[in-house]
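Note: hydrogens, waters and symmetry copies are ignored here, and every other heavy atom, side chains too, is used. In each ligand, atom 1 is the first atom listed, and ligand 1 is the first ligand listed.
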Amino acid sequence: MAAPTVEKVQEIREVTRIERIGAHSHIRGLGLDDALDARNVSQGMVGQTEARRAAGVILEMIKEGKIAGRAVLIAGHPGTGKTAIAMGMAQALGTDTPFTSIAGSEIFSLEMSKTEALTQAFRKSIGVRIKEETEIIEGEVVEIQIDRPATGTGAKVGKLTLKTTEMETIYDLGQKMIESLTKEKVQAGDIITIDKATGKITKLGRSFTRARDYDAMGAQTKFVQCPEGELQKRKEVVHTVTLHEIDVINSRTQGFLALFSGDTGEIKGEVREQINSKVAEWREEGKAEIVPGVLFIDEVHMLDIECFSFLNRALESDMAPILIMATNRGITRIRGTQYQSPHGIPIDLLDRLLIISTTPYQEKEIKQILTIRCEEEDVEMSDEALIVLTRIGMETSLRYAIQLITTANLVSRKRKGTEVDVDDIKRVYSLFLDESRSTQFLKEYQQEFMFNELGKTSL
Ligand SMILES: Nc1ncnc2c1ncn2[C@@H]1O[C@H](COP(=O)(O)OP(=O)(O)OP(=O)(O)O)[C@@H](O)[C@H]1O
Ligand SMILES: [Mg+2]
C-alpha cells in the first residue's frame, strides 16, 4: 500500500467541510464561564443551564482527549434545544477535533449497508494527528546560473548558489528545479526554502541586505533576515486528518475524488485493517497521535436493533469517538423488534450512557431566543409584536414561532414597513397553521380528505 498522501486530504477537506447555516446558525458555543457554569444568555444560547453545564463537562473530557468510547444521550421534549446543544459543542470544539453529525434516518438512505454507514460515521469522527519531519534547504540566493545546451534542444542544466550567515554552497540544478525556480521568479537576493523530498520551492521574501538596491520594488515586498547556521534543516509539520479520509484515499476503487462527491461507496474491510495497522505503527514510532472526536447521532430512535448492537460493540474499541445521541421519544418500540424501551433504545445500550435531559422553556427564555433569532435574520420587530410572538411560542411551539419571524418579515416588507408589527404577526399566524390548529382542521373536515382513517383508529 502506498503511503497515504496527507497533503492531498488537507486540501480537499477545506472544500468539503460543510458550513452549517439555518436553524442553529445563531449558536456559537455553549456559553459557559471558566467554572463551566452556564451564563444565562451567551454565545446565542439561552437558559437550559443544567443541560449546558453537563454538556460542558463532557466537552472538557473530549478536549483532554484521553477517553474513548463514552456515550451520551440528550433526551427531552421536542424543541427544547437538544440539537442546539450538540451544535454548541461542535462550535466549542473548534476545527481541530473532528465532529460528525448525522440523523438516525440517514444511514438507511445511503447506498450502503447500515453498518458500513455507521462505520464510516465512526471513522469520520476520529482524527489522526500526523507529525512529519521534512528536510529542507533554507538560504539566500547568491546566484542562479542556467546553461542552455549549445544545440538549442535538450535538457537545461544549471547551478544555484545559496548561503546562510555562516556558509555558502553550490547546488547542481536539474530540469525540474530550473522550471520551479523560473515559475517562482526566484532571483539573487531572495530567501528561499526547498523541500528536499518534493523539490517544492517556497519564497520567504527578500534579504534585508538587498533592501537598499530595491527601492523601486512595491511596498508588498517582504524583507527577511538571511538564515543562520546550516543550509540543511529539519522542520516538523503537523496535519490532522480523519481515519475515513485516509480510508478513502487508499481505497483503490474509489480514489480521493470520492471525497468531493461524498459518494465513497463501501470500503473494503482489508483496506481498513491495513490503515489501522499503519496508524498503529505511526503511533508507536511517535509519528502520529489519535484525536478522538465526536459522532453526533440526532433522532437516534430511528436506528434499529442491528444498529444499536453495532454501537454497543463499536464503543468498546480503543479507537472509538465520543458518541452523542439525541432523542425526543419516551417509552417506545425499538425498531426491528416488538419490544418497548425508554427512548426506543435497548436497555443494554442505555446502561452505558450518560443521560442529559432538557426541560421546556419559560416565557422569558422563549422571548430571548426569539430576540436572538430576529438579530440573526436581520429582522426589526416592534416590542408588542415580540410579545405576541412569544405568546404564540408558548401556546404552540418555539419552532413555529421561529418560523413566523421570516414570514412576518416578508409580509412587513411587502407593505413597505420599517419593522414587523403586531398585524404582520397576526397575518402570518392566520396564513400558516401550527400543528394543533392543523390537527383540529383535519378533525373538522375529515370527510373531505382521501384515505381518512379517523373513524377506525383514535388520534
Ligand atoms: N437554549 C437555546 N438557546 C438558543 N436557541 C435555542 C435554544 N434551544 C433551542 N433553540 C433554538 O430553537 C430551535 C429548536 O431547537 P432544537 O432544534 O435544538 O430542538 P430539539 O430539542 O432538537 O427538538 P427535536 O426533539 O424536535 O429535535 C432551534 O432553532 C434552536 O437553535
Ligand atoms: Mg433536534
Side-chain angles (χ1 to χ4, degrees), residues 19-33 36-56 59 72-92 99-106 294-303 323-332 342-345 355-379 386 389-390 392-409 434-436 438:
E19 191 62 33
R20 272 180 277 266
I21 41 159
H24 308 286
S25 51
H26 60 289
I27 308 281
R28 322 237 183 272
L30 285 174
L32 305 178
D33 61 19
L36 293 187
D37 277 325
R39 296 196 181 94
N40 200 27
V41 182
S42 173
Q43 296 190 312
M45 276 283 189
V46 179
Q48 209 62 268
T49 46
E50 291 288 297
R52 278 160 60 201
R53 190 181 146 84
L59 205 63
V72 177
L73 175 70
I74 311 179
H77 298 263
T80 48
K82 298 180 294 296
T83 309
I85 288 177
M87 293 304 133
M89 291 177 85
Q91 298 275 347
F99 187 101
T100 318
S101 167
I102 62 168
S105 51
E106 253 174 72
V294 177
L295 171 59
F296 173 53
I297 308 182
D298 209 350
E299 317 282 339
V300 72
H301 49 264
M302 291 306 292
L303 298 187
L323 180 64
I324 297 178
M325 296 172 280
T327 180
N328 55 20
R329 298 300 150 99
I331 295 175
T332 181
H343 313 296
I345 299 174
I355 302 179
I356 299 178
S357 69
T358 55
T359 48
Y361 291 116
Q362 304 295 316
E363 184 161 349
K364 213 176 101 207
E365 290 154 346
I366 297 222
K367 191 169 175 191
Q368 264 301 343
I369 295 174
L370 290 172
T371 312
I372 293 177
R373 284 304 300 184
C374 282
E375 275 164 27
E376 180 70 20
E377 296 186 30
D378 256 338
V379 172
L386 187 62
L389 194 60
T390 308
I392 294 176
M394 286 295 287
E395 268 152 38
T396 61
S397 77
L398 172 61
R399 278 229 181 79
Y400 176 70
I402 291 180
Q403 313 254 42
L404 291 191
I405 296 176
T406 329
T407 41
N409 188 42
D434 58 280
E435 176 268 334
S436 63
S438 176

Seminar exercise, completed: When Leu404, Leu386, Ile392 are each screened for side-chain contact (heavy atoms from CB on, under 4.5 Å) with Leu370, the one that passes is Leu386
For this session: Starting from atom 6 (C) of ligand 1, find the nearest protein heavy-atom neighbour and note its residue, name and distance.
Result: Ile369 CD1, 3.8 Å
For this session: With atom 24 (P) of ligand 1 as the reference point, say which of Arg399, Arg52, Gln43, His77 has the nearest heavy atom.
Result: Arg399
Seminar exercise, completed: Here the atoms of ligand 1 under 4.0 Å from any heavy atom belonging to Ile402 are 12 (O), 13 (C), 29 (O)
For this session: Can you sort out which atoms of ligand 1 are near Asn328, meaning under 4.0 Å from one of its heavy atoms?
Result: 24 (P), 25 (O), 26 (O)
For this session: Could you tell me whether a side-chain N or O of His343 sits under 3.5 Å from a main-chain N or O of Arg329, the two making a donor and an acceptor?
Result: yes
Problem set entry | Full working for side-chain contact (heavy atoms from CB on, under 4.5 Å) between Thr359 and Thr80 | CA-CA 6 Å; Thr359 48; Thr80 48; over 6 Å; no
Problem set entry | Beyond-backbone contact of Glu365 with Gln362, side-chain heavy atoms, under 4.5 angstrom | yes
Exercise. Any non-hydrogen atom of Gly79 lying under 4.0 Å from ligand 1?
Worked result: yes
Exercise. Distance-only, no hydrogens or angles: does the Glu375 side chain make a donor-acceptor pair with backbone N or O of Ile372 under 3.5 Å?
Worked result: no
Seminar exercise, completed: for atom 29 (O) of ligand 1, nearest protein heavy atom and its distance come out as Ala23 O, 2.9 Å
Exercise. So, is Thr83 placed with an N/O/S atom under 2.8 Å from the Mg ion (ligand 2), counting both backbone and side chain?
Worked result: yes
Exercise. Does Asp298, backbone or side chain, put an N or O under 3.5 Å from an N or O of ligand 1?
Worked result: no
Exercise. Can you find a non-hydrogen atom of Glu299 under 4.0 Å from ligand 1?
Worked result: yes
Exercise. Is the backbone of Ala38 close enough, under 3.5 Å, to the side chain of Ser42 for a donor and an acceptor to pair up by distance?
Worked result: no
For this session: Would you check whether His26 reaches within less than 4.0 Å of ligand 1, judged by its heavy atoms?
Result: yes
Problem set entry | Arg52 side-chain N/O to Arg39 backbone N/O, donor-acceptor pair under 3.5 Å | yes
Exercise. Picking from Ile356, Ile297, Ile324, Ile345, what satisfies side-chain contact (heavy atoms from CB on, under 4.5 Å) with Leu73?
Worked result: Ile345
Problem set entry | Proximal candidate to atom 4 (C) of ligand 1 [heavy atom criterion; set Gly44, Gly22, Ala84] | Gly44
Exercise. Atoms of ligand 1 less than 4.0 Å from Leu398 heavy atoms?
Worked result: 12 (O)
Exercise. Minimum heavy-atom separation for Lys82 to Ala326, with atom names?
Worked result: CB-CB, 4.2 Å
For this session: Give the residue, atom name and distance (to 0.1 Å) of the protein heavy atom nearest atom 25 (O) of ligand 1.
Result: Lys82 NZ, 2.7 Å
Problem set entry | Glu376/Arg28 salt bridge by N-O under 4.0 Å criterion | yes
Exercise. With distance as the sole criterion, is a donor-acceptor pair present between the side chains of Glu299 and Ser105 under 3.5 Å?
Worked result: no
For this session: For Val46, take its heavy atoms, then give the atoms of ligand 1 lying under 4.0 Å from any of them.
Result: 1 (N), 2 (C), 3 (N), 4 (C)
For this session: Please could you name the atoms of ligand 1 that Pro78 approaches to less than 4.0 Å, counting only its heavy atoms?
Result: 23 (O), 24 (P), 25 (O), 26 (O)
Exercise. In the protein, what heavy atom is nearest to atom 30 (C) of ligand 1, and what distance, to one decimal place, separates them?
Worked result: His24 ND1, 3.4 Å
Problem set entry | Nearest protein heavy atom with distance in Å, relative to atom 22 (O) of ligand 1 | Thr83 OG1, 2.6 Å
For this session: Report the nearest protein non-hydrogen atom to atom 9 (C) of ligand 1: residue, atom name, distance rounded to 0.1 Å.
Result: Gly81 CA, 3.4 Å
Problem set entry | Nearest non-hydrogen protein atom, atom 8 (N) of ligand 1 | Tyr361 OH, 2.6 Å
Exercise. What's the verdict on side-chain contact (heavy atoms from CB on, under 4.5 Å) for Ser101 and Met87, showing C-alpha distance, side-chain angles and the deciding distance?
Worked result: CA-CA 9 Å; Ser101 167; Met87 293 304 133; 3.8 Å; yes
